[in-house]
**Q** 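Here you go, one structure.
Throughout, protein chains are lettered first and strands after them, A, B, ... in sequence-line order, and every chain is numbered starting at 1.
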There are 2 protein chains.
Amino acid sequence: MSKPAKPFVPVAVLEAVADYFKILSETSRLQILQSLRSGSMNVMELCEATGLGQANLSKHLKVMTQAGILTRQARGTSAYYNIADPLVFEFCELACGQIGDRLQQQAKTFLQAAPFPPNDRTANKTTQSQKTTSQKTPSQKTREKAPAPTSHIRN
Amino acid sequence: MSKPAKPFVPVAVLEAVADYFKILSETSRLQILQSLRSGSMNVMELCEATGLGQANLSKHLKVMTQAGILTRQARGTSAYYNIADPLVFEFCELACGQIGDRLQQQAKTFLQAAPFPPNDRTANKTTQSQKTTSQKTPSQKTREKAPAPTSHIRN
DNA sequence: CGATTAAATAACTATATAGTAGTTTAGTTT
DNA sequence: AAACTAAACTACTATATAGTTATTTAATCG
């Protein structure tokens, strides 16, 4: 393999970006962020909210604080953590939207490929869940309201 | 540790979001995305552009394709890959901006904590890099134009 | 100062995965 | 059909790190 062509952006920058996303690529950390969304919490409170162990929490909190995503404030024997980088919620919201869109597309693909005609399947489902005698209109409404994953920024 | 409080968002959703960020949390993958930004490329071309090995590339490309971020099109013996999810560039741009802001803040912290007065240090640096006789105006300009990492979406 | 509690840290294990070398598969040409 | 090349896949290693147990540190109170 020859040397890479001149990169558009220094690899060091890409590394920093990758590091940023790495921090967000853990469910536990997203749970922490979700819990802190509504306001400052200490470690014990975060333990209860997330179900994570204290030592594990401390570890994650340290990483996130050093990365500048959280701030820490010691008060007595407690340490309170707060969101320092609200951009993370925007990231999660965008990602949720994208994943939802993709699931919708996949659902559509499966419905079209199903051995039953889409209308038969959809109507069957709609009739059960909505208990309406109308088969055409509800089936269209159900399609439009296909559930995208709700963003975790909403309490 | 007691059971977690009712989460705001199902853990399954957070897991999907974490998976999405995990894909972006690798420098190699960001290099691939950067290369594909300007248009479709086959694997050999991506090898040259990124300096990554062919087998490694294939692996990453498969993951990203299955995740819906890339599309693959076989043409003859070649496989061409294309960006399917342009949102990734928005993510990277936002992350770059955030990292840049943070670096600026850190720089400011260091400059204020330095044993030398900030103006003396900045003026010294500016004189060397810009070779102007003016010491006040350039120093302020340099401050305002402190380099944020450029986003990799710009060619 | 000793006791208590919250939080951080150290040491360890299990798991995931990037990267590599080797091999197989797929498509094309002669 | 054989030869060639691009790309995918397999098997392996090295590395990073989440999660856990145990311990230490920090703050407070009696």
**Q** Round to the nearest Å and state the distance from L46(A) atom CG to dA8(C) atom C1'.
**A** 15 Å

**Q** Using a 4.5 Å cut-off on heavy atoms from C-beta on, say whether the side chain of Q34(B) contacts that of L30(B).
**A** no

**Q** What pairs of residues pass the side-chain hydrogen bond (donor to acceptor under 3.5 Å, both in side chains) test when at least one of them lies in residues 9-26 of chain B, not counting sequence neighbours?
**A** Y20(B)-D85(B)

**Q** Taking side chain as C-beta onward, heavy atoms only, is I69(A) less than 4.5 Å from L33(A)?
**A** yes

**Q** Rounded off to whole Å, could you give me the CD-to-P distance for the E15(B) and dA18(D) pair?
**A** 15 Å

**Q** Mind telling me whether F21(B) and F21(A) have parallel, tilted or perpendicular rings, with 30° and 60° as the class edges?
**A** parallel

**Q** Can you confirm whether N82(B) sits close enough to Q73(B) that some side-chain heavy atom of one is under 4.5 Å from a side-chain heavy atom of the other?
**A** no

**Q** Quickly work out the Q54(A) CD to dA7(C) P distance and round it to whole Å.
**A** 7 Å

**Q** Between L61(A) and R72(A), is there a side-chain heavy-atom distance shorter than 4.5 Å?
**A** no

**Q** Using whole Å, what does the distance between atom C1' of nucleotide dA18(D) and atom CD1 of I23(A) come to?
**A** 14 Å

**Q** Measuring only between side-chain heavy atoms, which start at C-beta, is V17(B) closer than 4.5 Å to C96(A)?
**A** yes

**Q** Grab the CE-C1' distance between M64(A) and dA8(C) for me, whole Å please.
**A** 17 Å

**Q** Quick check on contacts: within residues 74-83 of chain B, what sits under 4.0 Å from DNA chain C by heavy-atom distance?
**A** G76(B), T77(B)

**Q** Kindly say if K62(A) contacts the phosphate of dA8(C), meaning a side-chain N or O under 4.0 Å from OP1 or OP2.
**A** no

**Q** Could I get a table of every N or O pair under 3.5 Å where one atom is in the protein and the other is in nucleotides 16-20 of chain C?
**A**
{"from": "dA18(C)", "atom 1": "OP1", "to": "R29(B)", "atom 2": "NH2", "distance (Å)": "2.9"}
{"from": "dA18(C)", "atom 1": "OP2", "to": "R29(B)", "atom 2": "NH2", "distance (Å)": "3.3"}
{"from": "dG19(C)", "atom 1": "OP1", "to": "S28(B)", "atom 2": "OG", "distance (Å)": "3.0"}
{"from": "dG19(C)", "atom 1": "OP2", "to": "S28(B)", "atom 2": "OG", "distance (Å)": "3.0"}
{"from": "dG19(C)", "atom 1": "OP2", "to": "N56(B)", "atom 2": "ND2", "distance (Å)": "3.0"}
{"from": "dG19(C)", "atom 1": "OP2", "to": "H60(B)", "atom 2": "NE2", "distance (Å)": "2.7"}
{"from": "dG19(C)", "atom 1": "O5'", "to": "N56(B)", "atom 2": "ND2", "distance (Å)": "3.2"}
{"from": "dG19(C)", "atom 1": "N7", "to": "K59(B)", "atom 2": "NZ", "distance (Å)": "3.1"}
{"from": "dG19(C)", "atom 1": "O6", "to": "K59(B)", "atom 2": "NZ", "distance (Å)": "2.7"}

**Q** Expressed in angstrom and rounded to an integer, what is the separation of L61(B) atom CG from dA6(D) atom P?
**A** 16 Å

**Q** Answer yes or no: are there more than 12 heavy-atom neighbours, outside Q105(A) itself, under 6.0 Å from its atom CD?
**A** no

**Q** Measure CE/M44(B) against C1'/dA8(D) and give the value in whole Å, please.
**A** 13 Å

**Q** Within the structure provided, determine whether I83(A) and R37(A) are in side-chain contact (heavy-atom separation under 4.5 Å).
**A** no

